[in-house]
A.B. asks: 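I am attaching a structure below and will ask some questions about it afterwards.
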Amino acid sequence: MTDRHSATRSQVPSGSSAPIGTLVLIAAWFGIFAGLTEGVGLLLFQRINWAQWGRLMHVSEEVLWISPLVDLFFFLIVTLLVWLISRCSWRVPPIRLLVFLLTFLTIYDWLTLTNRLYHRACIVLALGVAVAFTRWITKREASNISFWKTSAPWLAVVFLLTLVAIQGEKWTHERIAVAKLQAAPQSSTNVLVIVLDTLRADHLSSYGYPRATSPEIDRIASQGVLFENAIAPCSWSLPSHASLLTGRAPSEHGMQNVQPIPWLGWGKNSLGGYPTLGDVLKERGYRTGAFSANRVYFTRNVGLGRGFVHFEDYFDSVGDSFVRTLYGREFARLYLNRTEKSKVTRALRYLGLESWLDKDSEGSGDFGGAYGVRKRASVVNQELLHWIDRDQRHPFFAFLNYLDVHYSYGGPQDYPEPDWDRGTTIDEYDAGLKYVDDYIGRLLRELEQRGLTRNTIVVITSDHGESLGAHGLTYHGAALYRELIQVPLIISYPPQIPPGLRVTAPVSNTAIAATIMDLLGAGDQGAFAFPGPPLNALWKSPKAQANWPDPISELAQTDIIVPADRVVEGKIPIATNGWMRSVVTPRWHLITHEKLGHQLYDWTNDPDESRNLIDTTEGRATALRLAAQFDAGTKAQ
């Protein structure tokens with residue numbers, strides 16, 4: 001009996017001593033188990049909390065292997081600290097302390113990821129469960145250690161299989177999709193569409209802005225055509241991106257607000273079933289890729305992935321992956337929003353983790369949560385060039401979203417500030433534009449070195465503008481004033497577009513899809529037809545401008561409006577309490593609110609839209625005439 005009890009004690013670490021290997025084993029078990037369940041939970045509650053989409057840190061299926069990796073790393077650090085403490089004090093029972101801490105961290109993880117409970121409530125509940133579980137473990141320490149030893153390898157296998165399945169499926173899917181592409185002629189024209197998220201046209205030098213904000217874009221404009229009065233279909237990202245891809249109005253494609261994510265994926269049900277530019281070009285043998293810095297409203301998760309064989313929207317860096325996990329978000333919330341004098345901030349800069357401090361508005365940062373890590377133009381460029389270089393057997397269609405002009409404004413910390421930047425809102429907005437302009441120039445020089453520029457249609461536009469204080473508004477998505485819907489539109493394609501053209505007629509940038517297909521010589525597109533007319537008709541035929549359709553914008557009633565813009569409710573019509581629509585003619589801009597009636601501006605003589613003429617005799621007659629252009633059957637719902 002004595003020998004048997006001695007053998008048992010030698011196998012089961014207890015009291016104040018435990019082999020480091022046993023502690024690491026426990027940490028590995030808890031880390032992988034907590035992370036796997038966290039990943040499933042994040043995906044689950046993202047679907048449940050879809051109405052709060054803009055306030056969440058978004059994830060996709062990759063989180064199923066990223067969460068276990070982050071939790072494992074974090075739990076191993078906790079384990080090392082527990083082991084060091086136990087080495088310094090024989091009174092500390094390392095296994096019990098470690099189990100208590102890891103149980104607390106696991107339960108807190110699960111409770112917090114619902115995004116429904118207060119942090120203090122999660123802490124109290126997790127502490128209670130940790131105390132009870134530790135007491136239970138203490139009575140069964142030997143059997144539980146045996147269980148962890150037996151099951152940890154199986155958990156590791158599940159983790160590895162998850163990693164291989166997710167990453168392997170993406171890799172395999174793309175290879176199979178590219179292999180199925182029909183052969184395209186060697187001389188086929190590439191297509192590059194660049195969306196500078198949140199860029200209003202009147203801050204570009206080529207549109208008359210006095211600051212030299214955009215020398216690279218201006219150079220591209222001088223080589224092609226610039227549309228002086230391009231109008232976006234909406235004043236925020238999701239509907240506008242959907243319209244850019246389909247050539248359809250928001251009320252047609254239906255992506256006027258965020259929709260619940262289908263449990264089995266979007267398939268072909270997104271965008272009202274309309275074909276996208278990616279669909280059409282893929283049928284013609286093009287590799288299609290999207291590269292998004294807007295990880296909220298231009299992603300596969302919101303239903304905009306159809307037509308793209310390759311889509312890079314999340315997990316572009318270690319920092320970005322980290323903050324999408326539960327403990328990454330908690331770290332970001334507590335430490336990544338501090339001043340430059342903070343020890344944590346200085347430490348991260350010392351370690352070369354500058355990008356972790358480059359905040360994105362993604363997530364719930366404005367509501368007391370965590371900010372995301374910004375994906376800069378430099379990263380978008382790297383992703384695109386890497387993708388292009390992988391396979392040059394097929395022509396490419398690449399759709400880029402740069403977010404550097406979006407709030408929070410300004411370039412990266414290590415990027416030289418322009419001479420004008422004194423830290424005002426306008427200065428910082430323009431500095432972000434100067435930064436992304438620089439990287440657009442760098443991208444095109446890289447393409448030129450590869451011999452691709454002359455045979456590539458380059459389109460530069462935006463999804464919407466920004467208020468920057470006009471009409472009492474700060475951001476976008478609340479109304480349809482000119483500063484919110486007038487966007488740049490530049491198309492360069494030397495074989496077909498003469499250099500230096502400028503078109504004054506108001507046009508909609510939803511016509512980009514039809515224009516690209518016409519430039520490619522698609523002819524009758526049959527079932528893939530995009531609504532026209534294509535914009536190249538404006539320089540092909542002198543008579544086209546006289547009969548050109550007036551561009552219409554739509555803004556459904558929405559709850560995405562930030563608190564800073566809600567304060568004007570009751571002072572001016574905004575979309576918090578009804579849908580809005582507008583039409584722009586060569587002189588007039590009519591804005592209609594579902595409940596609050598019309599506004600009419602003579603934008604040619606009043607570009608700031610400061611004088612509402614709706615109560616004048618001419619104004620009432622003009623509004624009645626222009627309102628007839630709105631098709632009553634397509635009212636925003």
Side-chain angles (χ1 to χ4, degrees), residues 5-35 38 67-112 119-120 122-153 155-156 322 325-328 330-336 338 342-353 356:
H5 284 304
S6 298
T8 301
R9 284 195 299 269
S10 67
Q11 294 172 14
V12 180
S14 61
S16 61
S17 63
I20 184 64
T22 300
L23 299 181
V24 168
L25 176 77
I26 295 172
W29 191 94
F30 271 92
I32 296 174
F33 183 67
E38 175 192 310
S67 282
L69 207 58
V70 171
D71 284 359
L72 176 60
F73 179 75
F74 179 40
F75 285 12
L76 287 174
I77 292 176
V78 172
T79 301
L80 177 61
L81 294 175
V82 168
W83 181 74
L84 291 174
I85 291 171
S86 70
R87 299 284 291 180
C88 297
S89 174
W90 62 271
R91 294 178 179 275
V92 176
I95 291 180
R96 296 175 195 174
L97 176 60
L98 182 62
V99 168
F100 170 79
L101 292 174
L102 297 185
T103 301
F104 166 76
L105 292 171
T106 299
I107 300 301
Y108 177 79
D109 183 325
W110 296 346
L111 293 172
T112 306
H119 287 285
R120 290 181 181 178
C122 295
I123 290 172
V124 172
L125 287 170
L127 283 172
V129 173
V131 169
F133 187 68
T134 304
R135 287 176 178 172
W136 183 83
I137 284 291
T138 300
K139 299 176 183 179
R140 302 166 178 82
E141 192 170 285
S143 60
N144 279 286
I145 290 176
S146 177
F147 168 75
W148 288 324
K149 285 183 176 179
T150 303
S151 57
L155 275 177
F322 176 65
T325 66
L326 188 280
Y327 283 111
E330 291 293 277
F331 181 83
R333 182 175 64 86
L334 294 171
Y335 297 112
L336 296 187
R338 299 194 173 191
S342 163
K343 292 180 179 179
V344 175
T345 300
R346 286 184 290 172
L348 289 171
R349 293 205 187 282
Y350 177 79
L351 294 171
L353 301 176
W356 291 36

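Nothing fancy with the numbering, it's 1 onward along the sequence.
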A.B. asks: Quick one: does N144's side chain get under 4.5 Å of W136's, heavy atoms only?
C.D. replies: yes

A.B. asks: What do you reckon, is CZ of R346 surrounded by more than 12 foreign heavy atoms closer than 6.0 Å?
C.D. replies: yes

A.B. asks: To check you understand the geometry: which heavy-atom pair defines the closest contact between P94 and S86, and what is its length?
C.D. replies: CB-CB, 3.8 Å

A.B. asks: With a 4.5 Å cut-off on side-chain heavy atoms, are I95 and I145 touching?
C.D. replies: yes

A.B. asks: Please examine the side chains of Y108 and L125, heavy atoms only from C-beta on, and report whether any two atoms are closer than 4.5 Å.
C.D. replies: no

A.B. asks: T79 versus I26: any side-chain heavy-atom pair under 4.5 Å?
C.D. replies: no

A.B. asks: Under 3.5 Å, side chain of R96 to main-chain N/O of V92, donor-acceptor pair present?
C.D. replies: no

A.B. asks: Kindly give the heavy-atom pair with the smallest separation between I107 and A126, and that separation in Å.
C.D. replies: CG2-CA, 3.7 Å

A.B. asks: Is a side-chain donor or acceptor of E38 paired with a backbone partner of D109 at a separation under 3.5 angstrom?
C.D. replies: no

A.B. asks: Looking at side-chain heavy atoms only, is the closest gap between T112 and H119 below 4.5 Å?
C.D. replies: yes

A.B. asks: Minimum heavy-atom separation for T103 and A130, please, with both atom names.
C.D. replies: CG2-CA, 3.7 Å

A.B. asks: Is S146 reaching over with its side chain to a backbone N or O of A142, donor-acceptor style, under 3.5 angstrom?
C.D. replies: no

A.B. asks: Please report the shortest heavy-atom distance between A152 and L25, naming the atom on each side.
C.D. replies: CB-CD1, 3.7 Å

A.B. asks: For F75 and F30, I'd like to know if the aromatic rings sit close, meaning centre-to-centre distance below 6.0 Å.
C.D. replies: no

A.B. asks: In this structure, are over 12 heavy atoms from other groups packed under 6.0 Å from F331 atom CZ?
C.D. replies: yes

A.B. asks: Are L105 and Y327 packed together at the side-chain level, in the sense that at least one heavy-atom pair is separated by less than 4.5 angstrom?
C.D. replies: yes

A.B. asks: Pick one: which of D71, L76, I77 meets side-chain contact (heavy atoms from CB on, under 4.5 Å) with F73?
C.D. replies: I77

A.B. asks: How about L127 and F100: do any of their side-chain heavy atoms sit closer than 4.5 Å?
C.D. replies: yes

